[in-house]
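Okay, so here's the structure we're looking at.
Below, chain A is the first sequence line, B the second, and so on; all start at residue 1.
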Number of protein chains: 2
Amino acid sequence: MGIKDIARALGVSTGTVDRALHAKPGINPMTRTRVLRMAESLGYRPNLAARHLKSRKVLRITVNLPREIALFWDSLREGIREAATPFAPALEVEFASYPRLGEGDVAAFERALASGTNGFIVAPGDPVALRPHIRTAAQRGVPVVCVVTDAPDTQRLTSVSADPYTVGAVAGEFLTRCLPGGGEVGFFTGWLATQDHADKLRGFEQSLAHDGHKLRVAGVVEAHDDEREGHRRALALLEAHPDLKGIYVSTVNSLPVLRAAEELGRLSTLTIVTTDLFPDLVGWIRRGAVAATVYQRPISQGRLALQALYQFLVDGTCPPPKLHVVPILVMRSNLELFLERLPADAEAPAGEPGVVRT
Amino acid sequence: MGIKDIARALGVSTGTVDRALHAKPGINPMTRTRVLRMAESLGYRPNLAARHLKSRKVLRITVNLPREIALFWDSLREGIREAATPFAPALEVEFASYPRLGEGDVAAFERALASGTNGFIVAPGDPVALRPHIRTAAQRGVPVVCVVTDAPDTQRLTSVSADPYTVGAVAGEFLTRCLPGGGEVGFFTGWLATQDHADKLRGFEQSLAHDGHKLRVAGVVEAHDDEREGHRRALALLEAHPDLKGIYVSTVNSLPVLRAAEELGRLSTLTIVTTDLFPDLVGWIRRGAVAATVYQRPISQGRLALQALYQFLVDGTCPPPKLHVVPILVMRSNLELFLERLPADAEAPAGEPGVVRT
DNA sequence: GTCCGGACCGTGAACGTTCACGATGGCGTA
DNA sequence: TACGCCATCGTGAACGTTCACGGTCCGGAC
């Protein structure tokens, strides 16, 4: 079951077999197919050890992710790094960062593609802008894996994310359980035009419906990832609904909403569910102001993304078009276990400007 | 940074370096230390590809786990298998099963040790009985990793488990959130003498205490993993406390408790939290009779165990004495995502004897 | 002095693959 | 006919490590 066996079986040399298996020039198309057919029938599996021993060519994959929110993206990077170590030194991971989601990802992508990467892991901020670049990458045989956010209808290899519908449904079910008496709850998101955000709302509403509509959505707020707007609209929602029982902030921008609730003295009567985990949120969870946060498990996402990409580069095996991680409810009781696993320097935010801590 | 560089730097042959690095006989102790020191200072990392290419010696690790509960242990095995594939064919995993936890694990251990395994992954049913065997294994340089249950005070390499204190605390916090009005709850376990079970109770009580003692433990029941006893004592507890608001079954034996609650018509007034996931539990979760189950993530445990063991066998790097996975709350809304990932044939229980399904 | 044995160490082949180079042969052109 | 070119294929070295084998040296016994 080696390259030699194929050569012997066909009466050709190992060099010819090598050329055939790697689609190199300088070989008769007929012998090429004969070799391929024989390789197939013999069940040929390349010996990776020997391959890497000889031409110490390393696979280079580049990871383009934002810097902010640090704790989240650092965790994602950590998951990738961790999953990559078993393959070292045959695999080399190159990290490139840009300030925020969608700010500079295209440029970083072009640079890496020009420098000759073998694969990508990216979080598309603006999928439409990235689409043509994913196309050219695919044409050159460079696979792209999306994490956290997807770039649908492109030639990406696969996407890894927390299934948004389930994320919303988990938050909804938890709120339903926490508020057995029923009542009104608020839903905060970024843009409902974004597929992911709309899916979360769908999942959320579906969960509420399960309970016989004792809990209902009093307002759906689009904050457009803007701190000021989030704060202002949270104040408005709370004042318009003095009897509001719960809030689910389905984006990572939960701080403005939390502060608004605190300013109005409503924290004790509200059950609040947020999204993901970042330093400034830890305190709110510890003192119970946030009942739970739906964690999208960046570490696991990173691991899955890297493994799918590596498998494809080595075996050529295609993953399913979408890979999902199960969202986790982080509460006070299991918070510490998450903080343990997180990148070390990321937990202490120190006095960041504009951050109110109580 | 290869064996040749060490040889050249010291003016010896590669054979000598090889003998020194592997503690083989037939080498002067002095040259041995000289080689080791030089290897250290040059930062020598063996080329695993070359090593495996030459003496195609495969690491063989044996996994001894119970058959029942199938879904749980199959998931654990799946996690191990999955984590092992990247190392194939340099790593070979051998699975041995015995009927139940503690029934035949010692015999299986001895057999595998005699057959010359390189490492173990086991779930000690009776840690005391297994201790001497772990000792002899350790003396022969065969590392043992415990999963799910630990064998403390032995020479095991490490143990992988869901931190029992956190498991209990998560269940407690969830119940607290579900029952904002306070009241009495029941706690079911196996044996309080078992460290893990006692830790879960501690975590559980700690979470209740956080809330200003509005929720309190009406009864702690030891069911000794006996179905009849569990059922009988559940009936007794429910009848003694007609106002019981919630139940946490901290072992996998939750069915007798659930049936007792159902028989007494108390399901609708009880918030029930169980442990782990198995086929017969799925229906109870789907119709909301079980609010949530604390999942101890066997797949992740398997992955962690294998990676720690492999790292040690290859690098000699020792993992921390305990590795923890974060327990997850499985509810109706994320149940399907878990069932997806589970071993295929394990979900459908068919008509198992003695199983009541509604 | 010769021989032997043991301790220690060097030598070289082999593992499966890759790749640069050389070899072969057929065909067209001078 | 002689030559060169191109397409196609074979050859052999190299990658870093392991291991069986053989070599060298030294001390002791005859």
Side-chain angles (χ1 to χ4, degrees), chain A residues 1-40 42-60 87-92 118 313-316, chain B residues 1-40 42-60 87-92 118 313-316:
Chain A
M1 21 95 180
I3 204 177
K4 280 186 180 172
D5 302 85
I6 301 176
R8 190 150 19 85
L10 286 169
V12 298
S13 74
T14 60
T16 304
V17 176
D18 182 60
R19 276 184 283 268
L21 289 176
H22 295 91
K24 290 182 187 173
I27 185 174
N28 191 320
M30 209 188 68
T31 45
R32 205 173 75 94
T33 57
R34 282 204 312 150
V35 169
L36 292 179
R37 218 188 301 279
M38 179 60 75
E40 179 76 22
L42 288 185
Y44 168 72
R45 302 270 117 206
N47 186 324
L48 298 184
R51 169 175 300 174
H52 180 251
L53 176 60
K54 182 56 180 73
S55 68
R56 29 198 327 93
K57 169 205 303 173
V58 298
L59 285 176
R60 211 156 51 82
F87 307 122
L91 175 64
E92 195 173 89
N118 299 109
L313 286 173
V314 167
D315 277 344
Chain B
M1 20 94 180
I3 205 179
K4 280 186 181 172
D5 302 85
I6 302 176
R8 192 153 14 88
L10 287 169
V12 297
S13 74
T14 59
T16 303
V17 176
D18 182 58
R19 275 184 284 267
L21 290 176
H22 297 90
K24 290 182 186 174
I27 185 173
N28 191 320
M30 209 189 69
T31 43
R32 205 174 74 93
T33 55
R34 280 203 312 150
V35 169
L36 292 180
R37 216 186 303 280
M38 180 60 75
E40 179 76 22
L42 288 186
Y44 168 72
R45 301 270 120 205
N47 186 323
L48 298 184
R51 169 175 301 176
H52 180 251
L53 176 60
K54 181 58 179 75
S55 68
R56 31 199 321 97
K57 170 205 303 173
V58 298
L59 285 176
R60 211 156 50 82
F87 307 122
L91 175 63
E92 196 171 88
N118 299 108
L313 286 172
V314 168
D315 278 343

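- The line from CZ of Arg32(B) to CD1 of Ile27(B) is 7.5 Å long, rounded to the nearest 0.5 Å.
- Considering all non-hydrogen atoms of both residues, Ala50(A) and Leu53(B) come closest at CB-CD1, 3.6 Å.
- Straight-line distance from the NZ atom of Lys4(A) to the P atom of dG12(D): 13 Å, rounded to whole Å.
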Open item on the list: In dot-bracket form, 5' to 3', how is DNA chain D paired? Count Watson-Crick and G-U wobble pairs only if both distances fall under 3.5 Å, and write | where the partner sits on another strand.
Closed with: ||||||||||||||||||||||||||||||
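- Taking all atoms of both residues into account, the shortest heavy-atom contact from Pro89(A) to Val58(A) is O-CG1, 3.1 Å.
- Between Ile27(B) atom CD1 and dA7(C) atom C1' the separation is 12 Å, expressed in whole Å.
- For dT11(D), the OP1/OP2 oxygens have no side-chain nitrogen or oxygen of Ser13(A) closer than 4.0 Å.
- Between the CE atom of Met1(A) and the C1' atom of dT17(C) there is a distance of 15 Å, rounded to whole Å.
- Computed from coordinates, the Arg34(A) CZ to dT8(D) C1' distance equals 13 Å when rounded to whole Å.
- Atom NE2 of His22(B) and atom P of dG16(D) are 16 Å apart (whole Å).
- Of all the heavy atoms in Ala7(A) and Thr14(A), the pair that sits closest is CB-N, 3.8 Å.
- Distance, Leu48(B) CG to dC15(D) P: 18 Å, rounded to whole Å.
- With the nearest nucleotide of DNA chain C identified for both Tyr44(A) and Val12(B), Val12(B) has the one nearer the 5' end.
- None of Arg51(B), Lys54(B), Lys24(B) except one satisfies the salt bridge (Lys or Arg N to Asp or Glu O under 4.0 Å) rule with Asp18(B); the exception is Lys24(B).
- The closest side-chain heavy-atom distance from Val12(A) to Arg19(A) is not below 4.5 Å.
- OP1 or OP2 of dT18(D) sits under 4.0 Å from a side-chain N or O of Arg51(B).
- Side-chain proximity of Leu53(B) to dT17(C), dG16(D), dT17(D): nearest is dG16(D).
- Contact record, Val35(B) with Leu10(B): CA-CD1, 3.6 Å, taken as the closest heavy-atom pair.
- Closest contact between the side chain of Pro29(A) and the listed nucleotides dG10(D), dT17(D), dT8(D) involves dT8(D).
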Close N/O contacts between protein and nucleotides 19-26 of chain D (under 3.5 Å):
{"unit_1": "dC19(D)", "atom_1": "OP2", "unit_2": "Lys24(B)", "atom_2": "NZ", "d": "2.5"}

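- Counting any heavy atom pair closer than 4.0 Å across all strands shown, Gly2(A) reaches sugar-phosphate atoms only and no base atom.
- Remark: His52(B) is not in phosphate contact with dC15(C), judged by side-chain N or O atoms under 4.0 Å from OP1 or OP2.
- Judged by closest nucleotide on DNA chain C, Val17(B) is the one of Arg56(B) and Val17(B) placed further toward the 5' end.
- Taking CZ of Arg45(B) as the start and CG of Asp315(B) as the end, the distance is 6.5 Å to the nearest 0.5 Å.
- Taking both residues in full, the closest heavy atoms of His52(B) and Lys57(B) are given as CD2-O, 4.1 Å, listed atom of the first, atom of the second, then distance.
- Rounded to a whole Å, the CZ atom of Arg45(A) is 17 Å from the P atom of dG16(C).
- Separating the CG atom of Asn47(B) from the P atom of dA14(C) is a distance of 21 Å, rounded to the nearest angstrom.
- Among dT18(D), dT17(C), dC8(C), the nucleotide with an atom closest to any side-chain atom of Asn28(B) is dC8(C).
- Of the options Asp5(A), Leu21(A), Leu36(A), a side chain to side chain contact (heavy atoms under 4.5 Å, CB included) to Tyr44(A) is made by Leu21(A) and by none of the others.
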